[in-house]
Amino acid sequence: AVVYTSLIKNFIRWGRTHSGHEIYKDMVQRGCSPDIILYNVYMDCSLRAGEIDKVHDIFMEIKKHGCVPDARSYSILMRGHSKSGNICAASALFYTTKNQGYEPNALAFSIAIDCLCKSRKAYEGYQVFEEMRAKGHSPALVTYVVLINGLVKELQLDKAYSVFKQAKTQDMLLNMAVYSNLINGLGKVGRINEAFLVMEETVQKGLIPNMHTLNCLLGALVKSQEINKALECFQSMQDSKCTAN
RNA sequence: GUAAAACACUG
């Protein structure tokens, strides 16, 4: 199985996906039993190669051949569903995994959060995030960013802000894009004062607001009819040679 | 012999 794994991996990786599939079939025909590592590699490679439907097919093969999917198998399948837009399946899978008795590790949590945010289910992503923290895992910077951006997109500003605060207490170095995003979201729901606070914070942190940031702020100000401040902001944009829209 | 991943206004 080790040899077959390597063969399948390399064929698919180098674009010879069809040969990869043939090797798998051949292996089965010859009575050689695939193991779970082979299946995980096979699914992962197919996913990267863009054969998303294949991921699901392979997953089905696992049980058919008397293997038991492990936590990684579920994570890969989840990525597949999220990539193909199968939103319901993606979000259900995380719970299925747990029901199978697997305790997700930090990576499994992160993948779940990422998939959920991409499926526009940031709310669920947030729940998974809370669970992750409760279990004592430390999310990576990207996980915070993905979640904050996802929540902002769905205008869940309370949650976004909460995650934002938590990121800071973990000394995460959030970049300007995240701040701009948050300002944008706060502006959209009319929380202009908070948008300003966030703006001031960027300055304190030594981050340099760019044209995206200022445009976000400008949009927020116009929306809340703070014309004077909008003009002020517009002025400072011109001073810093940013282009307004 | 098997892990993933993101980002910004307006249009």
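Of the listed nucleotides (B:rG1, B:rA4, B:rA8), B:rA8 has the atom at the smallest distance from the side chain of A:T213. The side chain of A:N149 has B:rA6 as its nearest neighbour among B:rA6, B:rA3, B:rC9. Checking B:rA6, B:rA4, B:rU2 against the side-chain heavy atoms of A:K9 singles out B:rU2 as nearest. Among B:rA4, B:rG1, B:rC9, the nucleotide with an atom closest to any side-chain atom of A:C216 is B:rC9. Checking B:rA4, B:rC7, B:rG1 against every side-chain atom of A:A177, the shortest atom distance belongs to B:rC7.
Ion pairing between a basic and an acidic side chain is recognised when a charged N comes within 4.0 Å of a carboxylate O; A:K98 and A:E131 show such pairing. Using a 4.0 Å cut-off between a side-chain N of Lys or Arg and a carboxylate O of Asp or Glu, A:E124 and A:K121 qualify as a salt bridge.
Residue contacts for A:K188: at a heavy-atom cut-off of 4.0 Å it reaches the sugar-phosphate backbone alone, with no base atom in range. Looking at heavy-atom distances under 4.0 Å, A:V178 makes no contact with the nucleic acid at all. Using a 4.0 Å heavy-atom criterion, one finds that A:A1 contacts the bases of the nucleic acid, with or without backbone contacts as well. Residue contacts for A:R72: at a heavy-atom cut-off of 4.0 Å it reaches a base atom on one of the strands shown. A:S6 comes within 4.0 angstrom of nothing in the nucleic acid, heavy atoms only. At a threshold of 4.0 angstrom between heavy atoms, the contacts of A:N10 with the nucleic acid are absent.
Here the C1' atom of nucleotide B:rA8 and the CG atom of A:L151 are 16 Å apart, to the nearest Å. Distance A:Y179 OH to B:rA6 P: 22 Å, rounded to the nearest Å. The distance between atom CG of A:L186 and atom P of B:rA8, rounded to the nearest whole Å, is 17 Å. The separation between A:L214 atom CG and B:rA8 atom P is 17 Å, rounded to whole Å. With rounding to whole Å, A:N181 atom CG is found 10 Å from B:rC7 atom P. A:N215 places its CG atom 20 Å from the P atom of B:rC7, with the value rounded to the nearest Å. In this structure, OH of A:Y144 is placed 20 Å from P of B:rC7, rounded to the nearest angstrom. Here the P atom of nucleotide B:rA4 and the NE2 atom of A:H81 are 19 Å apart, to the nearest Å.
For the side chain to side chain contact (heavy atoms under 4.5 Å, CB included) test, residues two or more places apart in sequence or in another chain that qualify with A:M132 are A:A106, A:F109, A:S110, A:I113, A:H137, A:P139. Residues satisfying the side chain to side chain contact (heavy atoms under 4.5 Å, CB included) criterion with A:N40, sequence neighbours excluded, are A:I36, A:M43, A:D70, A:R72, A:S73, A:I76. Listed by chain and number, the residues in a ring pair (Phe, Tyr, Trp, His ring centres under 6.0 Å) with A:H212 amount to none (sequence neighbours excluded). For A:R16, there are no salt bridge (Lys or Arg N to Asp or Glu O under 4.0 Å) partners, not counting sequence neighbours.
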Sequence neighbours excluded and cut-off under 3.5 Å, please list the side-chain donor-acceptor pairs for residues 223-232 of chain A, or say none.
unit_1 : atom_1 : unit_2 : atom_2 : d
A:S224 : OG     : A:A220 : O      : 3.1
A:S224 : OG     : A:L221 : O      : 3.3

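Not a single donor-acceptor contact under 3.5 angstrom links the side-chain atoms of A:N175 to the base of B:rA8.
Residues A:Y144 and A:Q170 have side chains that never bring a donor and an acceptor to within less than 3.5 angstrom of each other.
Within a heavy-atom distance below 4.0 Å of RNA chain B, the residues of residues 23-55 of chain A found are A:D35, A:I37, A:L38, A:N40, A:V41, A:R48.
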